[in-house]
Amino acid sequence: MVNPRFPHSAISTVTLSSSAISIAFCILLALSFLVTHSHSSHHTVFFNPLRFVFVPGSNGSGSNPARATYLRANLRIFSGNRDDSVARNDRSLYFSIIGKYRDLMNDANGGVAQGFESRRRPVLALKTDPLKPRLDQICKQADDHRSLALLYASYARKVKLESSKLVRVFAQLSRNFIALMNKPIYRPLFGNDISHVDESVLRQLEKEVKERIKTTRQVIGDAKESFDNQLKIQKLKDTIFSVNEQLTKAKKQGAFSSLIAAKSISKGLHCLSMRLMEERITHPEKYSDEGKPTPPEVEDPNLYHYALFSDNVLAASVVVNSAMKNAKEPHKHVFHVVTDKMNLGAMQVMFKLKDYSGAHIEVKAVEDYKFLNSSYVPVLRQLESANLQRFYFENKLENATKDTTNMKFRNPKYLSILNHLRFYLPEMYPKLHKILFLDDDIVVQKDLTGLWKIDMDGKVNGAVETCFGSFHRYAQYMNFSHPLIREKFSPKACAWAYGMNFFDLDAWRRTKCTEEYHYWQNLNENRTLWKLGTLPPGLITYYSTTKPLDKSWHVLGLGYNPSIGMDEIKNAAVVHFNGNMKPWLDIALSQFKPLWTKYVDYELEFVQACNFDF
């Protein structure tokens with residue numbers, strides 16, 4: 001029997017609400033049990049349905065759906081034994097539960113939006129005004145995104161982000177939704193006595209809510225990286241990989257640019273060569289040795305003889321100038337300067353402009369040695385090979401940077417006969433017994449006549465060894481995967497340096513070193529035994545005929561190593577600017593440059609005219 005105090009419609013509404021709430025509570029209990037037990041080992045998420053509190057009403061029905069509220073699920077984040085993938089799954093489950101619970105509560109409450117001050121509407125009231133469901137949907141969306149912003153703010157506090165900016169941003173987003181609903185223009189929409197919804201006001205509310213929802217989603221999307229460790233790690237890996245690729249490319253391009261800068265002729269050097277050549281052409285009678293007898297000192301074995309092969313006029317003059325300024329008896333020293341045909345005139349003028357303290361200087365072109373032709377010299381014959389010409393003269397950037405460790409060997413300089421003249425010293429100077437070979441990038445700081453007093457013990461080559469630990473061993477210069485190299489040489493043998501080498505020409509002739517050099521150079525036509533250059537064939541040719549000299553005779557690295565101590569440099573007889581940072585270039589190491597520039601003849605008018613800025 002129906003109680004007359006309660007209308008039939010009210011009984012139906014209360015029954016429907018109670019049933020929906022009971023069903024929702026049971027579902028939440030079941031889901032709480034599954035979540036708690038399935039992830040108990042990870043301690044990632046704990047969902048407590050009891051935090052959803054139902055507030056009893058005062059109307060005698062046992063509930064007040066219009067004023068019913070609930071507390072959000074508590075998402076507990078623990079620091080220990082946390083698995084990010086499980087955490088993400090639990091958070092997804094959390095939001096799914098929240099959504100289902102809201103739907104049930106809204107159905108029970110007649111579609112009332114949670115989280116805002118709203119009025120109770122019977123189910124039948126929805127049919128009277130079609131705009132009311134639309135209002136409730138707008139309120140529900142606003143409340144959902146406000147809650148989401150609060151949840152992200154809470155999570156940001158828990159994970160202790162480095163910056164509190166995100167916390168402030170999410171909190172502000174939540175306050176924006178509340179402030180929107182509290183605007184005076186929208187308050188009538190949420191009154192208890194409203195009978196009609198103003199469509200224009202509703203549209204304005206909907207527009208503003210959508211704008212705030214869009215902003216909230218955008219902020220959440222941008223902030224996901226801060227909450228997802230796996231995403232941050234992957235992004236960091238991608239960034240590191242990208243930067244490493246850029247660094248490798250920059251290193252290759254830098255190495256190529258450095259090589260170009262090191263091997264190019266500077267404006268000052270070009271100017272000096274041109275002015276000296278102009279002087280040679282203007283006054284040929286003053287500088288030509290053609291038709292004149294060879295001075296006896298040039299072939300006198302009792303004097304101190306030096307071999308200097310260069311196409312750099314200024315560098316060659318510094319070598320001679322520094323050696324003679326530090327020599328005890330300059331008139332007993334003879335320099336054999338050999339250059340190419342193009343620079344012969346400039347070199348002749350340079351060494352005729354002053355007497356260099358009485359030293360004897362012979363200037364010749366490599367073409368003056370008629371035996372140096374392609375039928376006798378393997379390097380000249382190989383230069384005629386189409387493959388070798390392609391290797392050198394198609395030296396494009398994309399090809400040159402494929403092998404940065406050996407990129408310098410692609411320079412045609414290493415096939416220049418000037419570089420390989422050092423293997424023909426006995427034939428070039430048949431009347432001499434000993435000779436000191438000097439590179440054009442060295443500076444002499446002491447008298448070198450002590451080298452002629454060293455007992456060579458029957459060895460051919462006197463040189464300073466450069467190995468230390470595992471560095472500068474034969475294995476770094478030759479291909480020990482080749483059976484011939486592996487059979488004849490030890491990969492741990494100590495390498496030595498070119499730049500200042502004292503040769504016993506009599507021992508050279510006895511051991512036939514030139515023939516040994518030809519044998520190995522012919523085998524290496526396809527560059528399978530070593531990369532191009534003169535040091536690897538030198539290490540092979542003088543493998544068992546090199547006498548180590550004291551390191552103070554020859555200090556290397558001033559063209560690439562800025563950490564060489566000044567005490568070591570001061571005690572050296574010869575300092576060597578080997579490397580790309582030559583002292584006559586702008587890229588030279590500034591702390592070592594004065595060691596070289598102090599021997600430049602600035603008083604010469606041709607040097608002054610070219611405006612060298614050292």
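What you see below is based on every heavy atom in this structure, not just the backbone, and it leaves out hydrogens, waters and symmetry mates.
Listed here is the closest heavy atom pair of L425 and A307: CD2-CB, 4.0 Å. Scanning both residues, V349 and R280, for their nearest heavy atoms gives CG2-CB, 3.5 Å. Of all the heavy atoms in P378 and Q521, the pair that sits closest is CB-CG, 3.7 Å. Across R381 and S374, no two heavy atoms sit closer than the pair NH1-O, 3.2 Å. The two residues I417 and V366 have their closest heavy-atom pair at CG2-CG2, 3.7 Å. Considering every non-hydrogen atom in both L556 and A497, the closest pair reads CD2-CB, 3.4 Å.
Heavy-atom neighbours of K551 NZ from other residues, nucleotides or ligands within 6.0 Å: above the threshold of 12. By the neighbour-count criterion of 12 heavy atoms within 6.0 Å, atom CG of L484 is densely surrounded, having more than that number from other residues, nucleotides or ligands. The 12-atom threshold is not exceeded at CZ of F471, counting heavy atoms of other residues, nucleotides or ligands nearer than 6.0 Å. Around atom CD of Q608, more than 12 heavy atoms belonging to other residues, nucleotides or ligands sit under 6.0 Å away. Atom NZ of K292 is surrounded by more than 12 heavy atoms from other residues, nucleotides or ligands within 6.0 Å. With a 6.0 Å radius and a threshold of 12 heavy atoms from other residues, nucleotides or ligands, F468 has its CZ atom above the threshold.
Checking side-chain atoms of K446 against main-chain N and O of W553 turns up no donor-acceptor pair under 3.5 Å. A donor-acceptor pair is defined here as one N or O able to donate and one able to accept, closer than 3.5 Å; no such pair exists between the side chain of Y287 and the backbone of G345. Put simply, the side chain of N373 gets close to the backbone of S375: a donor and an acceptor are under 3.5 Å apart. For the pair Q445 (side chain) and A572 (backbone), a donor-acceptor distance under 3.5 Å is present. Under a 3.5 Å cut-off, the side chain of N244 and the backbone N or O of I240 do not form any donor-acceptor pair. Side-chain atoms of N524 come within 3.5 Å of backbone N or O of L529 as a donor-acceptor pair. Looking at S273, its side chain does come within 3.5 Å of a backbone N or O of L269 through a donor-acceptor pair. D368 places a side-chain N or O within 3.5 Å of a backbone atom of A365 that can act as its donor or acceptor partner. Judged by distance alone, with hydrogens and angles left aside, the side-chain atoms of E367 form no donor-acceptor pair with the main-chain N or O of D340 at under 3.5 Å. Remark: the backbone N or O of P284 is not paired with any side-chain donor or acceptor of S288 at under 3.5 angstrom.
Just one residue in the list T545, T541, T514 forms a side-chain hydrogen bond (donor to acceptor under 3.5 Å, both in side chains) with W508, and that residue is T514. Exactly one residue among Y543, F489, W530 makes a ring pair (Phe, Tyr, Trp, His ring centres under 6.0 Å) with W520. That residue is F489.
Taking 4.5 Å as the limit, some side-chain heavy atom of L372 sits within range of a side-chain heavy atom of L421. In this structure the side chain of D300 never reaches within 4.5 angstrom of the side chain of V334, judged on heavy atoms. Inter-residue side-chain proximity for H433 and L505 is flagged as unmet; no heavy-atom pair is nearer than 4.5 Å. Annotation: side chain of K286 is in contact with side chain of E279 (closest heavy-atom distance under 4.5 Å). A heavy-atom distance below 4.5 Å is found between the side chains of T534 and H420.
In summary, the side chains of S552 and D550 do present a donor paired with an acceptor at a separation below 3.5 Å, with no hydrogens or angles considered. Defined by atom type and a distance below 3.5 Å, a donor-acceptor pair is missing between the side-chain atoms of T528 and N526. A donor-acceptor pair shorter than 3.5 Å cannot be found between the side chains of H472 and Q476.
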Passes side-chain contact (heavy atoms from CB on, under 4.5 Å), I564 versus F592? Steps please. CA-CA 10 Å; I564 301 175; F592 301 142; 4.1 Å; yes
Could you go through the side-chain contact (heavy atoms from CB on, under 4.5 Å) check for F577 and V443 one step at a time? CA-CA 8 Å; F577 290 83; V443 170; 4.0 Å; yes
Run the numbers on K364 and Y369 for side-chain contact (heavy atoms from CB on, under 4.5 Å), then give the verdict. CA-CA 9 Å; K364 299 184 74 173; Y369 299 93; 3.6 Å; yes
Please test N312 against S310 for side chain to side chain donor-acceptor pair (under 3.5 Å), starting from the C-alpha separation and ending with a verdict. CA-CA 5 Å; N312 188 326; S310 174; 5.6 Å; no
Pair Y498, N578 - check side-chain contact (heavy atoms from CB on, under 4.5 Å), show working. CA-CA 9 Å; Y498 267 128; N578 58 311; over 6 Å; no
Please walk me through it: do D440 and K582 pass salt bridge (charged side-chain N to carboxylate O under 4.0 Å, His left out)? CA-CA 10 Å; D440 62 359; K582 301 300 184 186; over 6 Å; no
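Remark: C513 engages no residue in a disulfide (SG to SG under 2.5 Å) (not counting sequence neighbours).
Ion pairing between D586 and K267 fails under the 4.0 Å rule for side-chain N and carboxylate O. Ion pairing of D506 with R509 is present here, as a side-chain N (NZ or NE/NH1/NH2) and a carboxylate O approach within less than 4.0 Å.
Here the CE-CG distance, from M347 to D311, works out to 7.0 Å after rounding to the nearest 0.5 Å. Interatomic distance, L432 CG to K434 NZ, rounded to the nearest 0.5 Å: 12.5 Å. Here R486 contributes atom CZ and F480 contributes atom CZ; the two are 10.0 Å apart, rounded to the nearest 0.5 Å. The distance from the CG atom of L558 to the NE2 atom of H576 is 9.5 Å, given to the nearest 0.5 Å. The CG atom of N501 lies 10.5 Å from the CG atom of L451; values are rounded to the nearest 0.5 Å. Separating the NZ atom in K598 from the NZ atom in K593 is a distance of 16.0 Å, to the nearest 0.5 Å.
Under the 30°/60° scheme for interplanar angles, the aromatic rings of Y542 and W496 are found to be tilted. Taking the six-membered ring for Trp and thresholds of 30 and 60 degrees, Y424 and Y517 have ring planes more than 60 degrees apart, a perpendicular arrangement.
Within the structure, every pair that satisfies the ring-ring contact (aromatic ring centres under 6.0 Å, His included) test and touches residues 322-354, not counting sequence neighbours, is listed here: Y304-H333, H305-H336, Y306-H333, Y306-F335, H336-Y429, F351-Y356.
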Can you list, pair by pair, the side-chain donor-acceptor contacts under 3.5 Å of residues 316-327, counting residues two or more places apart and other chains?
unit_1 : atom_1 : unit_2 : atom_2 : d
S317   : OG     : L314   : O      : 2.7
N321   : OD1    : K354   : NZ     : 3.4
N321   : ND2    : Y599   : O      : 2.9
N321   : ND2    : D601   : OD1    : 3.1
S322   : OG     : V318   : O      : 2.9
S322   : OG     : V319   : O      : 3.0
S322   : OG     : V444   : N      : 3.1
N326   : ND2    : S322   : O      : 2.7
N326   : ND2    : V444   : O      : 3.0
N326   : ND2    : Y599   : OH     : 3.3

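Taking the ring centroids of Y376 and H518, they lie under the 6.0 Å cut-off.
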